Amino acid sequence: MPMTITEKILAAHAGKSEVHPGELIEVRVDLALANDITAPLAIRVFQRMGADRVFDPEKVALIQDHFVPNKDIDSAEQARVTREFSREQGLKHFYEIGEAGIEHVMLPERGMVVPGDVVIGADSHTCTYGGLGAFSSGVGSTDLAGVMATGEIWVKVPPTIRLVFEGNLGRWVQGKDLILHAIGLLGVEGARYRSLEFTGPVIEALSMEGRLTMANMAVEAGAKNGIVPPDQVTRAYVAERSSRVGEYCAGDPGAEYERVIHISVDGLQPVVACPNSPDNTAPVPEVRDVRIDQVFIGSCTNGRIEDLRSAAQVLAGRQRHKDVRVIVVPGSPLVYRQALNEGLFQVFLDAGAVIGPPTCGPCLGGHMGVLAKKERAVSTSNRNFVGRMGHPESEVYLANPAVAAASAILGRVASPEEL
């Protein structure tokens with residue numbers, strides 16, 4: 001039976017010749033991961049299960065990235081629990097502040113995920129790794145405890161929605177705009193427990209950073225996973241970072257899709273998601289009168305070096321608006337060092353921005369950028385639900401890094417074209 005790329009990966013990890021949408025299967029996991037918020041919960045369940053050792057200390061990754069540097073006593077305790085468990089278990093991939101970055105930025109750049117892998121993480125944006133051609137999905141901490149103990153998980157095979165992107169991208173249109181546009185078309189429940197497969201000539205020409213950004217936000221449409229068929233762009237990226245080659249799967253001719261949606265990007269302008277949902281999308285010019293108080297450039301969605309370069313290109317030689325706070329957070333120590341060496345930090349500092357250490361903090365309203373009542377922000381992160389970045393009466397507009405930078409300069413939602 002012809003299968004989609006997601007079905008082929010799941011079948012291989014279940015030891016089956018084929019699988020069908022809706023089928024419940026037990027699959028082998030190549031990498032399990034959690035962070036300083038979700039790991040302590042998983043660790044407690046792991047211990048209550050009576051488990052003694054993780055299934056493979058080289059295939060469990062625990063990353064301190066959400067509330068670090070620790071913002072209070074409670075977050076310091078969470079980090080301590082994660083740290084002590086990692087030492088006790090002899091985990092190869094425990095990353096502490098100083099070497100840790102945002103998990104979904106850091107793990108791809110360290111070559112820990114390759115095409116064809118199954119990756120399960122106690123974080124909803126684990127779907128990021130689909131940009132590399134892996135099946136990756138987020139679960140709750142209880143489920144992750146079971147994965148840490150057994151190396152396996154039950155998965156219901158999702159049906160696949162295939163999105164075919166065609167046409168030519170405008171100058172400032174990026175992967176973030178493609179996924180926001182798609183979420184606007186689908187709605188936040190439009191791909192519920194589906195696999196979103198991103199294909200077409202536009203995707204084939206997209207950088208790995210752009211692909212990771214798109215897969216990262218598949219969950220905002222309700223998807224079980226997002227995935228890009230791996231190709232030469234993937235192969236070049238992986239070859240620089242991993243000794244593993246991976247499995248370069250593609251969907252079979254005749255594979256059955258629940259839907260195939262063709263999306264033309266001709267004439268597409270940079271997109272923003274307005275409060276309070278990622279599917280409340282509009283072209284930037286339609287929202288240009290919205291005044292803002294803060295800009296955040298970073299997160300697991302847009303904290304990679306390509307994103308910082310894009311923002312710096314717009315900010316170079318310009319100053320932030322006097323009423324706007326600008327926060328730039330590189331996604332990992334490697335991105336931090338690259339940005340420093342390329343002179344991007346000088347651009348950000350000259351523009352009046354503050355540069356933070358690699359952390360998820362501002363994205364989830366955790367620390368280092370919390371919004372006050374009635375404040376508005378343009379953020380390059382992935383969610384803008386009520387209270388996501390601070391006070392329940394604050395508002396968040398999601399955008400790509402170039403739009404965020406232009407907005408920082410003009411003090412309102414703005415397109416780089418206006419500069």
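Note that the structure is a prediction, hence the values are computed from the model and not measured.
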Any donor-acceptor pair under 3.5 Å linking the side chain of [X] with the backbone of [Y]?
X	Y	result
Ser195	Thr160	no
Lys176	Pro401	no
Arg288	Glu286	no
Thr38	Ala122	yes
Asn280	Pro275	yes
Tyr193	Lys156	yes
Asp266	Asn168	yes
Asp252	Ala255	no
Asp117	Gly246	no
Glu77	Asp74	no

From [X] [atom1] over to [Y] [atom2], what is the distance, rounded to the nearest 0.5 angstrom?
X	Y	atom1	atom2	answer
Gln338	Glu109	CD	CD	7.5 Å
Ser381	Ile297	OG	CD1	11.5 Å
Leu62	His93	CG	NE2	11.0 Å
Ile183	Met217	CD1	CE	4.0 Å
Arg376	Lys374	CZ	NZ	9.5 Å
Arg162	Glu197	CZ	CD	5.5 Å

If you count the non-hydrogen atoms of other residues, nucleotides and ligands that lie under 6.0 Å from [atom1] in [X], is the total more than 12?
X	atom1	value
Arg192	CZ	no
Arg337	CZ	no
Glu152	CD	yes
Leu24	CG	yes
Glu247	CD	no

How close do [X] and [Y] get, counting heavy atoms only, and between which atoms?
X	Y	value
Pro358	Val329	CA-CG1, 4.1 Å
Ala215	Cys127	O-SG, 3.3 Å
Glu7	Pro158	OE2-O, 4.4 Å
Ala32	Val147	CB-CG1, 3.7 Å
Trp172	Asp177	O-OD2, 3.6 Å
Leu163	Ala182	CD1-CB, 4.0 Å

Side-chain donor-acceptor pair present, [X], [Y], cut-off under 3.5 Å:
X	Y	value
His367	Asp72	no
Asp231	Thr234	yes
Glu166	His262	yes
Gln174	Ser310	yes

[X] side chain near [Y] side chain, heavy-atom distance below 4.5 Å:
X	Y	result
Ile227	Thr4	no
Arg304	Thr213	yes
Ile9	Ile5	yes
Cys300	Asn382	yes
Phe46	Leu144	no
Arg211	Val233	yes
Leu196	Leu186	yes
Pro115	Val238	yes

Start with the C-alpha distance between Gln269 and Ser415, add both sets of side-chain angles, then the distance that settles side chain to side chain donor-acceptor pair (under 3.5 Å), and finish with yes or no. CA-CA 9 Å; Gln269 299 184 64; Ser415 169; over 6 Å; no
Before you tell me yes or no, could you show the steps for Ser124 and Arg383 under side-chain contact (heavy atoms from CB on, under 4.5 Å), namely the whole-Å CA-CA distance, both residues' side-chain angles and the distance that decides it to 0.1 Å? CA-CA 11 Å; Ser124 58; Arg383 288 186 177 149; 3.0 Å; yes
What verdict does the side-chain contact (heavy atoms from CB on, under 4.5 Å) test give for Leu371 and Phe296, after you've listed the backbone C-alpha separation in whole Å, the side-chain angles of each residue and the deciding distance to 0.1 Å? CA-CA 11 Å; Leu371 297 175; Phe296 167 51; over 6 Å; no
If you apply the rule side-chain contact (heavy atoms from CB on, under 4.5 Å), what do you find for Thr301 with Thr380, and how did you get there? CA-CA 7 Å; Thr301 313; Thr380 65; over 6 Å; no
Ring geometry between His104 and Tyr129 (parallel below 30°, tilted from 30 to 60°, perpendicular above 60°):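 Ring orientation of Tyr129 relative to His104: perpendicular.
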Test side-chain contact (heavy atoms from CB on, under 4.5 Å) on Asp36 and Gln64; report intermediate values, then the result. CA-CA 5 Å; Asp36 49 307; Gln64 312 270 43; 3.1 Å; yes
Should the pair Glu209-Arg309 be classified as a salt bridge under the 4.0 Å nitrogen-to-oxygen rule?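 No salt bridge links Glu209 with Arg309.
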